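Below, read A as the first sequence line, B as the second, and so on, with proteins coming before strands; counting in each chain starts at 1. Everything numeric in this text was worked out from a predicted model, so none of it was measured.
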Amino acid sequence: MSEMTIPIGPQHPLLKEPISVSLDVSGERIVRARISTGYVHRGLERLAERRTYEQNVVVVECICGICSHVHTMAYCQAIEALAGIEAPERAKYIRVLLCELERIHSHLLWMGVLAEAIGFTAIFMYAWREREAILDIMEEISGGRIAHGANVIGGVCADISADKAAHSLARLRTFRQEMELFMDVLERDRSFRRRTQGIGVLAAEMARTFGQVGPPARASGIDVDMRRDAPYAAYPRLAFDVITATAGDVWSRAQVRMREIIQSLYLCHQVIQSLPEGPLAARSPRRVPPGEVTMRCEAPRGELFYYVRAEGGPSPARLKVRTPSVPQFVALEHTLPGLETADFAAVIAGADLCIACADR
Amino acid sequence: MIDADELLYVLDMPGLTVEERGGGLSVAIEREQLRPALGALMGHPAWRHLSTLTAQRRGDEIEVLYHLWMGQEVTLRLRCALAGAELPSVSALAPTAAWYEREVHDLLGVGFAEHPGLTPLLLPEDWQGPPPFLSQEPDR
């Protein structure tokens with residue numbers, strides 16, 4: 001049967017951000033996939049070389065809307081390491097709280113996107129409705145639903161009062177009960193399982209070869225999580241499980257993300273219950289001495305990598321960011337061939353790609 | 001995890017020095033040592049993945065850093081010429097390197113021998129001008 005090329009993107013109803021996926025198909029079977037990015041490349045790394053260290057907290061926050069907090073946290077932790085300062089304990093706990101709330105809202109956003117892509121609009125509506133509770137808590141703490149502006153070099157500038165803490169705990173308790181619906185859909189809804197089980201499988205060995213990180217790696221059985229493997233902020237003092245699955249299909253990725261929400265709720269509970277008293281930030285460094293540092297954090301999509309080199313001036317000499325979606329692109333070009341075109345939606349939505357992150 | 005002594009033992013190449021730098025271990029190597037070094041480290045039990053490549057201008061040269069995650073950061077460092085440089089592609093060993101090498105090619109103009117497809121990653125197809133990170137244009 002002859003082949004034809006179906007161009008998907010950079011603008012397409014299935015895609016939330018601009019990316020080009022060119023599918024060569026033979027009948028209903030995908031033969032080849034080519035992914036092109038760069039449509040939202042904003043040159044933020046180069047911009048960072050021309051802004052001060054303080055200004056760059058805002059620059060890196062603009063890399064991504066969904067995971068802005070972990071970007072600023074990774075950056076601030078890198079500069080703190082270079083400058084030899086340490087954020088106070090209260091700041092470390094608040095950083096973790098916002099990180100985990102961000103993970104919950106990101107995973108729920110993704111759940112809605114996947115459900116919408118496979119025609120399950122009701123779950124999209126429910127997921128994004130429940131997500132509002134998390135965004136409200138983040139807004140109460142930081143003033144922002146998405147771009148929180150909570151991190152500064154040396155700590156945080158957002159605090160949580162005892163009243164807000166109690167209110168947040170109550171809201172999170174209610175939220176946890178609502179998660180039962182999504183767990184039920186995952187386990188028992190036959191249409192959902194039909195569209196996701198056995199689809200887009202990335203076996204463990206191939207996941208290792210393609211350097212997968214985050215939920216896609218864990219869904220293929222790779223036990224990697226930077227919160228445990230390269231602990232930072234308050235994570236060394238908090239208990240949580242790293243969730244893995246084995247099948248490596250879209251359904252396993254959904255399982256891992258939904259179960260990670262439960263772990264994140266437990267982390268939020270621990271943080272609020274044991275939040276130490278004290279200052280919110282250490283004194284900001286007058287200058288950052290020459291040196292270089294790498295920093296890894298566990299963003300909602302996986303390992304977020306930062307490299308900063310300083311030469312003693314007011315701006316970094318180099319800022320390099322590698323976001324967790326990039327290994328996914330490489331793996332997708334491998335997993336898409338052989339699938340039916342109708343499964344493309346589940347796989348591309350199930351990948352939870354963040355294009356703004358990847359392009360910077 | 002892997003410590004400095006074991007790193008040197010695994011690499012098994014004369015004249016190498018391991019530094020503790022930037023929160024991890026750092027080794028400067030020559031271009032012809034790149035593929036054997038990466039291959040050796042990928043066979044170690046602590047190997048997890050290649051995180052990314054960082055390329056940056058260092059005076060009259062370009063420095064390319066290979067950031068490996070092995071339970072801690074292990075950085076392989078290479079230097080090459082500012083213009084017309086070509087390094088061996090490691091995409092046959094680590095497929096994600098294909099994308100990181102395309103970005104280095106885009107932003108600093110470094111070539112990669114035997115790369116499966118060194119097409120623009122971030123830059124438009126019709127980009128004219130020097131690699132953006134080597135541009136001397138003033139800030140606007």
Q. For B:Ala55, is it the side chain, the backbone, both or neither that has a heavy atom under 4.5 Å from a heavy atom of chain A?
A. backbone
Q | Leading residue by heavy atom contact count with chain B [cutoff under 4.5 Å; candidates A:Glu49, A:Gln212, A:Met226] | A | A:Met226
Q: With the side chain counted from C-beta on, respond yes when B:Phe133 and A:Glu45 share a heavy-atom pair under 4.5 Å apart, and no when they do not.
A: yes
Q) Who pairs with A:Ala351 by side-chain contact (heavy atoms from CB on, under 4.5 Å), at least two apart in sequence or on another chain? A) A:Gln328, A:Leu332, A:Leu353
Q) Got more than 12 heavy atoms from elsewhere within 6.0 Å of CD, B:Glu20? A) no
(Q) Heavy-atom cut-off 4.5 Å, strictly under: side chain, backbone, both or neither for A:Ile35 against chain B? (A) both
Q: Begin with the C-alpha distance, continue with both residues' side-chain angles, and end with the deciding distance and a verdict on side-chain contact (heavy atoms from CB on, under 4.5 Å) for A:Arg360 and B:Leu122.
A: CA-CA 9 Å; A:Arg360 295 147 291 143; B:Leu122 299 174; 3.8 Å; yes
Q.
For B:Gln56 versus A:Arg309, what's the shortest heavy-atom pair and its separation?
A. OE1-NE, 2.7 Å
Q) Are there residues of residues 294-304 of chain A that reach to under 4.5 Å of chain B by heavy atoms, and which ones? A) A:Thr294, A:Arg296, A:Glu303
Q: Just give me the residue among B:His67, B:Met1, B:Arg57 that pairs up with chain A most often, heavy atom to heavy atom, under 4.5 Å.
A: B:His67
Q) Which atoms of B:Pro95 come close to chain A, meaning under 4.5 Å heavy atom to heavy atom: side chain ones, backbone ones, both, or neither? A) both
Q | Side chain, backbone, both or neither of A:Val213 within contact of chain B (heavy atoms, under 4.5 Å) | A | side chain
(Q) Does any part of the side chain of B:Thr75, heavy atoms only, come nearer than 4.5 Å to the side chain of A:Tyr307, both counted from C-beta? (A) no
Q: Work out which heavy atom in B:Trp69 is nearest to a heavy atom in A:Asp229; give both atom names and the distance.
A: CZ2-O, 3.9 Å
Q) Quick check: are there more than 12 heavy atoms from other residues, nucleotides or ligands sitting under 6.0 Å from CD of A:Glu54? A) yes
Q | side-chain contact (heavy atoms from CB on, under 4.5 Å) against B:Pro14, all qualifying residues, sequence neighbours excluded | A | none
(Q) Could you walk me through whether A:Arg318 and B:Thr54 satisfy the side-chain contact (heavy atoms from CB on, under 4.5 Å) test, starting with their C-alpha distance in whole Å, then the side-chain angles of each, then the deciding distance to 0.1 Å, before giving a yes or no? (A) CA-CA 9 Å; A:Arg318 182 71 165 101; B:Thr54 295; 4.1 Å; yes
(Q) Rounded to the nearest 0.5 Å, what separates atom OG1 in B:Thr119 from atom CZ in A:Arg34? (A) 10.5 Å
Q. Looking only at heavy atoms, which two atoms of B:Trp99 and A:Val330 are closest? And how far apart?
A. CD1-CG2, 3.4 Å
Q | Separation between CD of A:Glu311 and CZ of B:Arg58, rounded to the nearest 0.5 Å | A | 6.5 Å
Q.
Going by the rule salt bridge (charged side-chain N to carboxylate O under 4.0 Å, His left out), which residues pair with B:Glu30 if we only count those two or more places apart in sequence or in a different chain?
A. none
Q) To the nearest 0.5 Å, what is the distance between CZ (B:Arg102) and OG1 (A:Thr37)? A) 6.5 Å
Q: Looking only at non-hydrogen atoms, find the nearest pair between A:Lys320 and B:Leu53 and report the distance.
A: CE-O, 3.1 Å
